[in-house]
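Note that this is a predicted model, so its numbers are computed, not measured.
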Amino acid sequence: MNFKKEESLLANVKTAPRDAILGLTETYVADPNPKKVNLGVGVYYDDQGKVPLLECVRRADEALTAAGIARPYLAMDGFPEFVRAAQTLLFGADHPAVSQGRVTTVQAVGGTGGLKVGADFIRRFAPEAVLYMSDPSYDNHRPLFEEAGFRVETYPYYDPRTRGIRFAEMLEFLRDAPKGSVALLHACCHNPTGVDIRGEQWKDVIKVIAERRLIPFLDFAYQGFGEGVDEDAEVARRFARELPLVLVAMSFSKSFSLYGERVGSLSVVTADSGEAARVLSNLKRMIRTNYSNPPSHGARIVASVLASPELSALWRKEVLVMRDRVRSMRRELVERLKKRIPADFGFILQQRGIFSYSGLSREQMVAMRERYSVYGIESGRICVAALNPRNLDYVADAIAATIALSAAERSKPRAAA
């Protein structure tokens, strides 16, 4: 049957803008260049350029398969053993907020699911709240919170001149934020810059949040990739000790290399146990009307690993191996660039996590993609974890050649008007 265009209810639907990260990967996959390198996607790769299967995960998976466990629906808030393990991993077994029953945790569909459930929760009970995120921030933060109904603004964060944080400006901005606003913060390994709030700086941030009665929402996607598993969690533990309300969205994708299993959690720290119980009832209702309940297998794997002293110890070692490999790739990239160009890329060594804000301009990132098939986000973000001994020299050559070309273009005399 043929319909006239004007008869279709979808005739006016416009094509949505392509996702900055996943869209770039689509272009990369279609590129026929055998030397192509994808530095855009946020995934940890090993020295062979593969997503690793952690040994602790393999053992837990084999044990679960051998046990022949059925696959019933989970409860709305998730697999109980996973929920308890995730909460303990985040806050520690002896944290006062946990022992007092002030924390409620639910399983989520990845870290993104934790952010979305948290966003919906805040939006329902604080509908006038404005959300402030760092400038820049993870590409999915803005659309996710805007789709939840928030007005999203940014607070000063990255300083391209110093390659550090505009910390004084950030605090001054938050001091002027309306009471009840949401402050979205990266617990560690800031995405996309790799530049973190450190040490006692968090004390100042917490003080401002307390004074302005802001709602802190921590995005915690890279536990173990900063300083260590417990060291990285200390930020969330500190917030929970000093504030009556904190939200923390966790992802287990990177730390367990379980990307496709979509394992995540959302924890809400409250003022007392009664408040925590009421919050949980509302989170469960939101989950029920969204995706009903989360998937089970990845959560069972994480719970099995964390419940076993042997596998848990092995997991911590494997996380540190991944962290140290990323650090090694940072050093190797800086050393190779030092041999090729006079520009100082030493700032890359001060960044943490799998990403680096390379300092390359949008034009340079586009040129590097078009000329050398080296793909990175146009903001200049590259995934250091995608580097390996086989592609390091090629990437360093591409960066050096692109910078040299830019310099040559700038030095050309301008045509007379």
>> For Tyr155 and Tyr157, take the angle between the two ring planes, folded into 0 to 90°, and tell me which bin it lands in: parallel under 30, tilted 30 to 60, perpendicular over 60.
In response: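 Ring orientation of Tyr155 relative to Tyr157: perpendicular.
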Just wondering, do [Y] and [X] contact through their side chains at under 4.5 Å, heavy atoms?
{"X": "Ile301", "Y": "Leu258", "result": "yes"}
{"X": "Leu90", "Y": "Met250", "result": "yes"}
{"X": "Arg142", "Y": "Ser137", "result": "no"}

Would the [X] and [Y] ring centres measure less than 6.0 Å apart?
{"X": "His186", "Y": "Tyr138", "answer": "no"}
{"X": "Tyr375", "Y": "Tyr28", "answer": "yes"}
{"X": "Tyr132", "Y": "Phe173", "answer": "yes"}
{"X": "Phe355", "Y": "Tyr357", "answer": "no"}

Less than 3.5 Å apart, any donor N or O on the side chain of [X] or [Y] sitting next to an acceptor on the other?
{"X": "Tyr372", "Y": "Asp397", "value": "no"}
{"X": "Ser356", "Y": "Gln351", "value": "yes"}
{"X": "Gln350", "Y": "Arg163", "value": "no"}
{"X": "His141", "Y": "Asp219", "value": "yes"}

Inspect the contact between [Y] and [X] and indicate whether a charged nitrogen and a carboxylate oxygen are less than 4.0 angstrom apart.
{"X": "Glu172", "Y": "Arg175", "answer": "no"}
{"X": "Asp47", "Y": "Arg325", "answer": "yes"}
{"X": "Lys339", "Y": "Asp393", "answer": "no"}
{"X": "Glu234", "Y": "Arg241", "answer": "yes"}

Going by atom type alone, with no hydrogens or angles, which donor-acceptor pairs under 3.5 Å involve a side-chain atom of residues 224-231 and a protein atom two or more places apart or on another chain?
residue : atom : partner : partner atom : Å
Glu227  : OE2  : Arg352  : NH1          : 3.1
Asp230  : OD1  : Arg237  : NH2          : 3.1
Asp230  : OD2  : Arg316  : NH1          : 3.0

I'd like to know if the side chain of [X] reaches the main chain of [Y], judged simply by a donor and an acceptor atom lying under 3.5 Å from each other, with no hydrogens or angles considered.
{"X": "Arg213", "Y": "Ile209", "result": "no"}
{"X": "Thr289", "Y": "Arg285", "result": "yes"}
{"X": "Arg102", "Y": "Thr270", "result": "yes"}

For residues 64-89, tabulate all N or O donor-acceptor pairs below 3.5 Å that involve a side-chain atom, not counting sequence neighbours.
residue : atom : partner : partner atom : Å
Thr65   : OG1  : Asp61   : O            : 2.9
Gln87   : NE2  : Thr105  : OG1          : 2.8
Thr88   : OG1  : Arg84   : O            : 3.0

